[in-house]
Amino acid sequence: MQLISYSLIRKYIISLCIITSFTEAHSRPSHHRQTCVVKPSRDGSDDSPAIVNAFERCGENGRVIFLNETYNVHKVMNTSGLSNVEVDLHGTLLWGTNISYFLNNSLPMGYQNQSTAWIFGGRNIHFRGHGYGTFDGNGQVWYDFINGRSNYPRRPHQVTFWETHDSVFEGLRFVQSQMWTMTLIHSSNTLLENIYVKSVSTNPKISTVNTDGADTIYADNITFKNWQVTNGDDGISPKANSTNISVYNSTFIGGSGLALGSIGQYDGVFETIENFTAVDCSFENTIHALYVKTWTGDRVGYPPNGGGGGIGYIKNIHVLNTTLTSVRLPFSITQCTSFSALEGNCSSSKFQVKDITIRNMYGTADEDPVSLLQCSAEAPCRNIELDDTSFDIRLANGTMEKGYNCGNVVGVVGFNCTGTTCNKASPDGTC
């Protein structure tokens, strides 16, 4: 039996207490709330004005109810600054397919020159989907249009939770997102529980690149619990200045798995990812369970597809009790991210990666090694603990996986480096 440190147990208990307090605070019955029931057009015309109007009228100390019908969303929406509001989504929000309109009108979301179809946020929000309330981004038209091009300018995220605090989102379905499914930015103390995400292409020749399940930016104390994500990119990805991010009891199918970053994209800008925990998560046919990606130390181009030269750190990362099914490379660090995934100087980043612990990892992988740690010579990775004695990872033929490839790692714990890295840029942390 592996012993878990007191500090980690304490953090896990605190996180559970936070989840409990969120649930209790937002599960009390509504009394004397002004209620707005959004009525759909039912003729395919745009329902976004009615949706925005409902939040304008009932977005403070009120309740907004969507019926078990389809709402057509043909325009961008901004319903931020809400306060003490309950939202019940019983139907489907179906985004329109006018690519030209959304490319010209998507709303800036405040990072990487990215934009979004809906800015939603406020304080003390309880958004319930009851297990079937659905966001449908009509993503296939975007996948066909993009045709594998990464971070296409003005391609909208499905929803951005902006300045969202002390809130709960539960029982929601997000399917066929246009790009990133959701971003939590400038947000804190928020629980997202029992969430289903699926963005897949009906054309096997067309990828669903950039369909992240969730990203956090300038965010603190965000908890993801009981998620299922099937997509073509990162499952959940803390990015710049994300602290105290937790993922519990979640399943990731396809895609890249959990991603810390990318980060270090802005030349000379100090950013961090700190105190990330993932417990009891499963990965099926993903590239990784967890990977860390920072930009090189050399700026080439500008975000979203270019950049580099950022400084800061990633530290205090704990991944426990992980189940793998046909995962390609369970754990990876790459500090080689460069312009449009071109060849970058893997030794130039001054961004520090340290204090990572992975214990109790079981299941199957497609090939050796267990990990590829491609760290920068300018800022070697430090204190990486991979508890090999608690791993049981096997190849398809039943052979135990034992390889650990390392470059510029100082202070390994629980394993021995058995090989070297490929020392070249890779968008997904593999060779």
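Quick note: numbers below take in every heavy atom, side chains included, and nothing from hydrogens, waters or symmetry partners.
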Rounded to the nearest 0.5 Å, what separation is found between the [atom1] atom of [X] and the [atom2] atom of [Y]?
X	Y	atom1	atom2	value
Arg154	Ser106	CZ	OG	4.0 Å
Asp234	Thr181	CG	OG1	11.0 Å
Cys381	Lys315	SG	NZ	15.0 Å

Does [X] reach the main-chain N or O of [Y] with its side chain, forming a donor-acceptor pair under 3.5 Å?
X	Y	answer
Ser349	Trp295	yes
Ser250	Trp227	yes
Thr208	Gly232	yes
Ser187	Thr164	yes
Ser177	Met179	yes
Thr325	Glu284	no

Practice item. Check each of Asn221, Asn275, Asn316 against Asn244 using the side chain to side chain donor-acceptor pair (under 3.5 Å) test, and report the only one that passes. Key: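 When side chain to side chain donor-acceptor pair (under 3.5 Å) is applied between Asn244 and each of Asn221, Asn275, Asn316, only Asn275 qualifies.
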
Would you check if there is a donor-acceptor pair between the side chains of [Y] and [X] at a distance under 3.5 Å?
X	Y	value
Tyr266	Glu271	no
Thr116	Thr160	yes
Thr243	Asp220	yes
Gln335	Thr296	no
Glu170	His130	no
Tyr404	Asp388	yes
Ser100	Asn98	no
Asn305	Asn151	yes

Return the orientation label for the [X] and [Y] ring planes: parallel under 30°, perpendicular over 60°, tilted otherwise.
X	Y	answer
Trp162	His186	perpendicular
Tyr111	Tyr218	perpendicular
Phe120	Phe55	perpendicular

Exercise for review: Determine, for Phe391 and Arg394, whether the Lys NZ or Arg CZ falls below 6.0 Å from the six-membered ring centre while staying within 45 degrees of the axis.
Suggested key: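 Cation-pi check for Arg394 and Phe391: fails.
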
Check your understanding: Does a salt bridge link Arg123 with Asp166, judged by any charged N lying under 4.0 Å from a carboxylate O?
Key ->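 Yes, Arg123 and Asp166 are salt-bridged.
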
Exercise for review: Evaluate whether the separation between SG of Cys406 and SG of Cys375 stays below 2.5 angstrom.
Suggested key: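 Taking the criterion (SG atoms under 2.5 Å apart), Cys375 and Cys406 fail it, so no.
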
Practice item. Please confirm whether Phe224 and Tyr248 have ring centers closer than 6.0 angstrom. Key: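 No.
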
**Study point:** ring pair (Phe, Tyr, Trp, His ring centres under 6.0 Å) between Phe66 and Tyr71, worked out
**Key:** CA-CA 9 Å; Phe66 294 88; Tyr71 296 82; 5.2 Å; yes

Review point. Which heavy-atom pair separates Gln178 from His157 by the least distance, and what is that distance?
Key: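 Shortest heavy-atom separation between Gln178 and His157 comes out as OE1-C, 4.4 Å.
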
